[in-house]
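The next block holds one structure in the form of C-alpha cells; read it before the comments.
Bear in mind that the values here come from a model prediction, so they are computed numbers and not experimental data. Position 1 is the first residue of the sequence, and the numbers go up from there. Computed from heavy atoms alone, side chains included, the values below leave out hydrogens, waters and symmetry copies.
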Amino acid sequence: MPGPKKVLLASPRGYCAGVDRAVIAVEKALERYGAPVYVRKQIVHNIHVVTELEAKGAIFVEEVDEVPSGAHVVFSAHGVSPAVVNAASERGLQAIDATCPLVTKVHREAVRFARDDFEILLIGHDGHEEVEGTAGEAPDHVTVVNSPDEADRVVVKDPEKVVWLSQTTLSVDETMETVRRLRERFPSLQDPPSDDICYATQNRQVAIKKVAKDADLVIVVGSSNSSNSVRLVEVALEYGAKAAYRVDYAHEIRQEWLDGVGTVGVTSGASVPEVLVQEVLADLAGAGYADVEQVRTAEEDLMFSLPKELRQDATGRRDDRALGGRSRT
C-alpha cells in the first residue's frame, strides 16, 4: 500500500542564469527596437517560453536567410557557428548574441585545441544546436561522439593528440562513462581545462537523484527538445524512481500515473519558468498531494550580464546589470 500522499520538490530546478539572460535579451530587444525582433532557432528549448515571446512580437526562424536585411536577430542560448555569424553579417543584420557564456567557453576551448592541432572528440548529440555551433568552430578537428558505445568505435588520426569536450546539457554519469571508455582506447586523451557540463545541468541531476530514491513517480517539467529535461527523466529512473515522465504542462499529467502512488517527485529543466512548476503542484494538490517537501541540494548564485549589444540603454548609458535565474525559491 502506498504511504501518505506527498510531493518531494527538487531544488535547484528551472531557469538557469544562461536561460534567464537569453530570454531577457529578447524582451529587452523588443522593448528597445520594437516588434518584430527575429530569433534564430528557439531562444531556449521550451515551448511555453517561445509562445510567450511570439505573443510579444518575436519571430522565430530556422536560419538567418529568413530574416529581412538590416533587421535585428538574436542568436539563441545554444550558440552558433562562425558560418552563421558571417551569414548574418553579409545580410547586414543587427545581431544580438545571447549564447550562454558557458557554451561560449566550450567554443573557445575548441578554437584553442584546434589551433594546437588536437583532434577534438565532442561528446554530445548530432543535430543539437549547441553541438553544431561548437563543431562549427573547428569542423576539420571535431568528431562527435554520441554515446558510450560510439566511444568504442571512434577513429582518430593521432592517439597521442586527442582531447575531449562536451555539450553542456548532458547526463553527467553517461558523459563520464563515455570519457572512461575513450581513455581506455586513447590513454593520452586530454581533459578540457574545466568541466564542460554546466553547473545547472549538474545541480538539477544531483537534486533529482536525491528525490528519485524515495519517489514512486517523478514528473519532470520540460519540453521534448530540451536535452537537460530529457536527461532528468533518465536520471530519475536510473536512481530509483519507479516511474518518471516529462510534461510541458500540468494538464498532460495522466490519472493512471498517480494510481497507487504515495510520493511524487517534481523537478524542471533549466529552460523552464517556475510558473509551469507551480501549475503542476496545484494540479497535484487537487489530486490529494498537498503536502510539499522541498529537497535542496545546492544554492545557485551565478549571474551573467546582458549581451554586449544590449548594455547601452536608449540614452547611451551602459546597463551592466547582472542577471540570474528567476526560478529561485
Side-chain angles (χ1 to χ4, degrees), residues 15-26 28-29 39-46 49 64 72-89 93-116 118 120-125 127-139 141-142 144 163-170 172 175 190-203 226-228 269-271 300-312 318-325:
Y15 266 15
C16 63
V19 163
D20 204 26
R21 173 182 185 266
V23 174
I24 291 175
V26 178
K28 289 284 187 187
V39 184
R40 182 187 180 272
K41 307 289 189 181
Q42 291 189 357
I43 185 67
V44 297
H45 285 160
N46 184 264
V49 171
V64 294
H72 289 88
V73 62
V74 181
F75 297 145
S76 80
H78 310 103
V80 297
S81 69
V84 172
V85 175
N86 292 337
S89 177
L93 303 182
Q94 307 298 308
I96 299 166
D97 188 0
T99 302
C100 173
L102 300 181
V103 174
T104 299
K105 175 183 77 72
V106 181
H107 281 217
R108 288 173 178 158
E109 290 170 353
V111 170
R112 181 166 68 81
F113 282 113
R115 187 173 58 238
D116 293 339
F118 274 81
I120 299 163
L121 301 180
L122 178 59
I123 302 171
H125 299 128
H128 190 282
E129 288 107 290
E130 184 185 329
V131 169
E132 291 177 348
T134 301
E137 294 284 359
H141 291 262
V142 171
V144 178
V163 63
W164 71 272
L165 302 176
S166 82
Q167 184 180 329
T168 63
T169 54
L170 300 178
V172 178
T175 299
Q190 289 201 26
D191 297 323
S194 60
D195 191 354
D196 285 345
I197 296 178
C198 89
Y199 78 97
T201 297
Q202 296 186 58
N203 286 349
S226 166
S227 178
N228 72 87
S271 51
E300 294 182 348
D301 57 7
L302 183 64
M303 304 180 85
F304 295 135
S305 296
L306 283 166
K308 66 180 184 298
E309 298 88 357
L310 294 170
R311 287 184 206 156
Q312 284 192 337
R318 285 179 59 82
D319 183 351
D320 287 317
R321 284 174 291 178
L323 305 170

- Item | Heavy-atom closest contact (Gly269 atom, Asn228 atom, distance) | CA-OD1, 3.2 Å
- Item | Phe113 CZ to Leu121 CG distance, which is reported to the nearest 0.5 Å | 11.5 Å
- Approximate separation, where rounding is to 0.5 Å, of Gln42 CD and Ser226 OG: 10.0 Å
- Query: Of all residues at least two apart in sequence or in a different chain, which pass the side-chain hydrogen bond (donor to acceptor under 3.5 Å, both in side chains) check with Asn86?
  - Reply: none
- Nearest heavy atoms of Lys28 and Leu310, plus distance in Å: CB-CD1, 4.1 Å
- Message: On a heavy-atom basis, which atom in Ala98 and which in Pro307 lie closest, and how many Å separate them?
- Response: CA-CG, 4.2 Å
- When rounded to the nearest 0.5 Å, the distance separating CD1 of Ile120 from CG of Leu165 is 5.5 Å
- Item | Approximate separation, where rounding is to 0.5 Å, of Leu302 CG and Asn203 CG | 10.0 Å
- Item | Residue pair Val44 / Tyr15, side-chain heavy-atom distance below 4.5 Å | no
- Query: How far apart are the closest heavy atoms of Gly18 and Ala77, and which atoms are they?
  - Reply: O-CB, 4.5 Å
- Task: Taking the side chain as every heavy atom from C-beta outward, state whether Arg40 and Ser76 have any pair of such atoms under 4.5 Å apart.
- Result: no
- Decide whether Glu130 and Thr168 meet the rule of one side-chain donor and one side-chain acceptor closer than 3.5 Å. yes
- Please confirm whether the backbone N or O of Phe118 pairs with a side-chain atom of His141, one donor and one acceptor, at under 3.5 Å? yes
- If you measure from NE2 on His107 to CG on Leu102, what distance do you get to the nearest 0.5 Å? 11.5 Å
- Item | Pro82 to Glu137 - nearest heavy-atom pair and separation | CG-OE1, 3.3 Å
- Asp195/Gln202 under side chain to side chain contact (heavy atoms under 4.5 Å, CB included): CA gap, chis, key distance, verdict: CA-CA 10 Å; Asp195 191 354; Gln202 296 186 58; 3.0 Å; yes
- Message: Set out, in order, the CA-CA distance, both residues' side-chain angles and the distance that settles side chain to side chain contact (heavy atoms under 4.5 Å, CB included) for Thr134 and Val142, then state yes or no.
- Response: CA-CA 9 Å; Thr134 301; Val142 171; 5.9 Å; no
- Item | Partner set under side-chain hydrogen bond (donor to acceptor under 3.5 Å, both in side chains) for Lys105, not counting sequence neighbours | Glu109, Ser194, Asp196
- Query: So which of Cys100, Pro101, Ser305, Cys16 actually passes side chain to side chain contact (heavy atoms under 4.5 Å, CB included) with Arg21?
  - Reply: Pro101
- Taking all non-hydrogen atoms of both residues, which atom of Gly136 and which atom of Ser81 are closest, and how far apart? CA-CB, 3.8 Å
- Message: So does Thr99 get a backbone contact from the side chain of Asp97, meaning a donor-acceptor N/O pair under 3.5 Å?
- Response: yes
- Task: Check the pair Phe75, Val64 against side chain to side chain contact (heavy atoms under 4.5 Å, CB included), reporting the backbone distance first and the verdict last.
- Result: CA-CA 9 Å; Phe75 297 145; Val64 294; 4.2 Å; yes
- Message: Contact between Gln167 and His128 at the side-chain level, heavy atoms closer than 4.5 Å - yes or no?
- Response: yes
- Message: Within the 3.5 Å criterion, strictly below it, is a donor on His45 or Glu129 matched to an acceptor on the partner's side chain?
- Response: yes
